[in-house]
Colleague: 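To start, I am sharing the structure in question, which I have written as structure tokens.
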Amino acid sequence: MLGLFVLYPAFRVLVYPALQDYLEIPRSLRWMQAARNSLVMMVISTLTATLAGLIFAFAVTRPDVPGRRFFRSIAVLPIFAPPFMVAFAYILMFGRQGLITKTVLGLDANIFGWHGLWLVQTVAFFPLAMLIIVGVLEGINPSMEHAARNLGADEWAVVRTVSLALARPGIAGAALVVAISVLADFGNAVVIAGGFPLLATEAWFRMEGLADLKGAALVVAMLIVPTVCLFLLERYWVSRRVYTTVTGRGSRVERPPTHPVLKWGTFLFCCLMSVMIGLVYFGVVAGSLTAVWGRDWTVSLAHWRLAMDRIPTLLASVKIGAMAGVITGVVGVAVAFLTSRRLPLRQVLDFLAVLPGALPGVFVGVGFVLAFNRPPLELVGTPWILALALAFWHLPMGYQAAVATLKQVERSIEEAATNLGASGLRVLWDIYVPLLRRAFLGAFTVSFIRSVTNVSIVVFLVTPGNIVATFAILNMIGNGIWGGAAALTTMLLLITFASVGVAQAVVGRTLRSMPMG
Amino acid sequence: MMGMTEAHVRFLNVTKRLGATLAVDRVSLDVPEGSFTTLLGPSGCGKTTTLRMVAGFYHPDAGEIYVRDVPVTDIPAHRRNTAMVFQEYALFPHMTVAENVGYGLRMRRVESAQARRRIGGVLELVGLVGQESKFPHQLSGGQQQRVALARALVVEPEVLLLDEPLSNLDAKLRVRVRTEIRSLQQTLGKTTIYVTHDQEEALSISDRIAVMNQGRVVQVGTPQEIYYRPADRFVADFVGLANFAPVQVVAPGRVRLDEVILPVESAVKPGPALLVVRPETMSLAASFPTAPGLPALRGRVKTVAFLGGLARYWVEAVGKEWIVDHAAPGEQLLRGEVYLTLAPERMHVLYEREVTHDGEGQA
């Protein structure tokens with residue numbers, strides 16, 4: 001099954017264009033330009049997002065920086081948002097009709113283009129870097145910092161020679177993860193990049209505008225090369241270099257105080273980033289309630305009425321998201337259970353389960369079109385193709401969540417149960433089922449939220465019969481119906497936050513430890 | 001106040017609150033120059049907090065700490081020359097052995113040729129020559145411990161601080177390393193403050209021991225003073241094994257235990273008191289001893305544990321259970337009825353509500 005829904009579509013993409021077509025690539029000016037742009041954006045956005053993530057992570061792991069809990073929870077908000085939301089909100093805030101640029105500052109600003117995309121990707125992806133780096137910084141034993149102080153290092157030297165030096169592999173890993181996300185970023189790019197060609201959006205223009213399937217396949221094939229390289233680098237190089245704690249139990253002492261300049265500097269930075277995140281949500285909600293954005297600021301519910309007409313698309317989103325969630329949950333838990341046992345093919349299985357994480361959404365989208373638009377398995381036009389594509393794309397998150405849960409079961413627990421007289425089936429029922437239920441719920445929730453908000457796969461696979469909300473929103477933004485788009489986005493947000501809330505209530509704290517990236 | 005000028009480190013009424021608990025409560029203590037002084041006490045007694053205040057990781061809420069008569073509480077941690085060996089070593093995992101050891105020199109901007117020389121010297125001292133370019137995770141626990149020690153020694157600290165440095169080693173290694181630390185300290189003549197909860201370790205390694213309980217220093221003295229003349233029941237109980245028996249001092253040098261009058265040299269003031277008897281100071285015989293002048297208690301062996309070098313007996317006598325250690329017992333252990341003899345010069349008397357801090361007991 002993993003082969004059919006993970007490998008086969010990828011294989012179809014790569015063999016669809018003839019060798020001749022690949023050789024033509026360097027001669028296409030537009031594609032080379034798109035490739036160059038994508039790489040440039042990857043470099044600059046990764047740099048700023050990782051740097052922002054690092055500063056933020058540093059601040060929230062210092063015990064003496066005020067408001068660190070607040071900062072921490074606000075910084076993860078963009079992870080739950082639809083992937084085009086930052087771009088959309090920033091057009092509303094900083095665009096030509098922007099609340100801040102035009103109304104407050106009286107500027108005629110054009111946010112469309114690479115600089116707008118740079119800003120948006122920095123804000124959208126720094127939380128990813130932050131979450132990874134926080135994990136690394138928190139893993140540094142406070143005694144290490146005390147030892148440095150004790151040997152004559154001042155506050156700055158401690159940060160330079162110990163904290164940051166120890167976190168270096170983690171920071172590199174975070175940068176690679178961010179780079180993969182930037183490269184694959186479709187939602188923000190399609191909304192804000194304007195005439196700036198990028199590989200991720202180019203694939204869609206090929207398909208939508210020109211019905212050029214071969215061209216789309218070529219473009220996503222170009223995209224896959226750097227992505228897979230980054231992915232392999234992250235997984236097999238950086239993750240091995242992460243320093244683990246040298247000796248056993250460390251007393252949980254507090255970290256030494258932070259230099260006031262560092263403390264207040266990072267605090268101010270966190271405030272600034274929090275405002276930037278706040279603007280994303282404020283922009284969209286305000287946009288949905290304003291009569292005519294940029295001109296008439298009276299409160300109006302007209303956009304909500306318009307959005308009500310699109311409720312069927314929301315229902316379709318929820319339906320497809322639920323289908324995808326169930327598939328991710330079942331497959332993820334099943335694969336995790338299999339790889340936790342000593343099976344001959346577990347390495348292969350594990351690799352296949354995490355591989356989709358390396359594939360950009362547009363690649364998966366094109367792959368599913370090519371793989372399932374003809375017999376024996378013709379799925380195009382059914383909701384199943386959407387559900388399956390989304391489910392398998394999100395498999396790594398569900399799988400890793402399940403693996404983490406299963407790791408809690410030590411062999412000795414199972415042995416203890418057997419030792420106390422439980423039969424094999426009883427062990428399964430008493431020990432594994434309760435744990436797997438949590439794993440399943442976790443996997444379901446992540447997959448559901450990300451499926452409901454997905455655009456990069458959706459745009460390739462929707463057909464008039466199964467329009468989902470994100471696709472409707474993109475169309476509205478494209479046609480300048482900002483108010484309606486904002487209202488529909490707000491509804492989508494409500495659904496995602498409600499499901500996060502429900503999941504938190506059900507699974508409790510396990511959701512916090514889940515890889516949401 | 002003799003010894004005032006010799007004190008290298010002096011605590012004066014030092015108090016520290018951690019959260020709601022009074023971790024260190026009005027501690028006053030002199031650490032003589034060149035001495036090996038141990039802070040001994042159960043976990044939570046404030047010994048580590050006291051040590052960390054010397055390093056500057058905590059600021060006392062009240063009181064002052066002097067190093068060579070200079071008040072140090074307002075000096076930040078990195079400007080004090082009080083290198084510490086951490087319980088979990090806190091070696092930098094991203095640095096080699098040489099880089100770890102050289103870290104303090106780098107922070108002191110010691111010029112590199114000289115730094116190399118000093119690193120080489122100290123590694124030789126702790127027996128780690130040839131391990132310079134290894135990373136901490138490639139070393140055994142004992143070797144990591146030496147790196148931590150070398151890293152602290154290389155900066156030539158004013159005072160060396162050791163926070164339970166042996167607790168991550170296995171029992172045999174612990175005994176070996178503690179002897180090494182002690183002889184190294186004596187060679188270098190370095191003033192050392194050592195923290196441990198292991199009374200045997202404290203007795204074996206220290207010049208002076210300060211026993212702490214609930215944030216207070218309850219007794220300061222040499223290991224022998226602490227062991228034979230504990231200041232109160234807590235110290236007697238915490239350091240070594242002790243038998244306790246309520247007695248009545250009837251006259252100087254005489255106490256009444258149950259119906260028996262015993263000669264006890266340290267008993268001075270008449271009144272109710274607590275007799276402290278170490279297990280190895282009593283002798284045990286199968287028949288009534290013929291030695292003149294010493295009364296013997298008749299008892300019955302309840303259980304006996306053979307420990308190789310000694311046999312430990314639990315003996316019931318005068319309505320009480322006594323632990324008696326019999327050195328070099330041989331293959332024949334005593335059973336049934338036995339006679340206990342108590343050495344008058346080895347027994348110690350505690351008067352109720354009397355706590356002394358000078359370590360001199362009541363004598």
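Only a predicted model underlies this, so the values are computations on that prediction, with no experimental measurement involved. Per chain, numbering begins at 1; letters A, B, ... match sequence-line order.
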Colleague: Taking side chain as everything from C-beta outward and backbone as N, CA, C, O, which of these in B/Arg108 sits under 4.5 Å from a heavy atom of chain A? Side chain, backbone, both or neither.
Modeller: side chain

Colleague: Using 30° and 60° as the class limits, which term best fits the ring planes of A/Phe56 and A/Phe269: parallel, tilted or perpendicular?
Modeller: perpendicular

Colleague: Could you check whether atom CD of B/Glu64 has more than 12 heavy atoms from other residues, nucleotides or ligands sitting under 6.0 Å from it?
Modeller: yes

Colleague: Under a 4.5 Å heavy-atom cutoff, which of B/Gly104, B/Gly56, B/Ala148 has the most pairs with chain A?
Modeller: B/Gly104

Colleague: Between B/Tyr194 and B/Arg178, is there a cation-pi geometry (under 6.0 Å to ring centre, at most 45° from the normal)?
Modeller: no

Colleague: So for B/Arg151, is it side chain, backbone, both, or neither that comes closer than 4.5 Å to the heavy atoms of chain A?
Modeller: both

Colleague: Under the side chain to side chain donor-acceptor pair (under 3.5 Å) test against A/Thr258, which residue among A/Arg62, A/Lys263, A/Glu155 passes?
Modeller: A/Arg62

Colleague: At a heavy-atom distance under 4.5 Å, which candidate from A/Asp154, A/Thr161, A/Asn150 has the highest pair count against chain B?
Modeller: A/Asn150

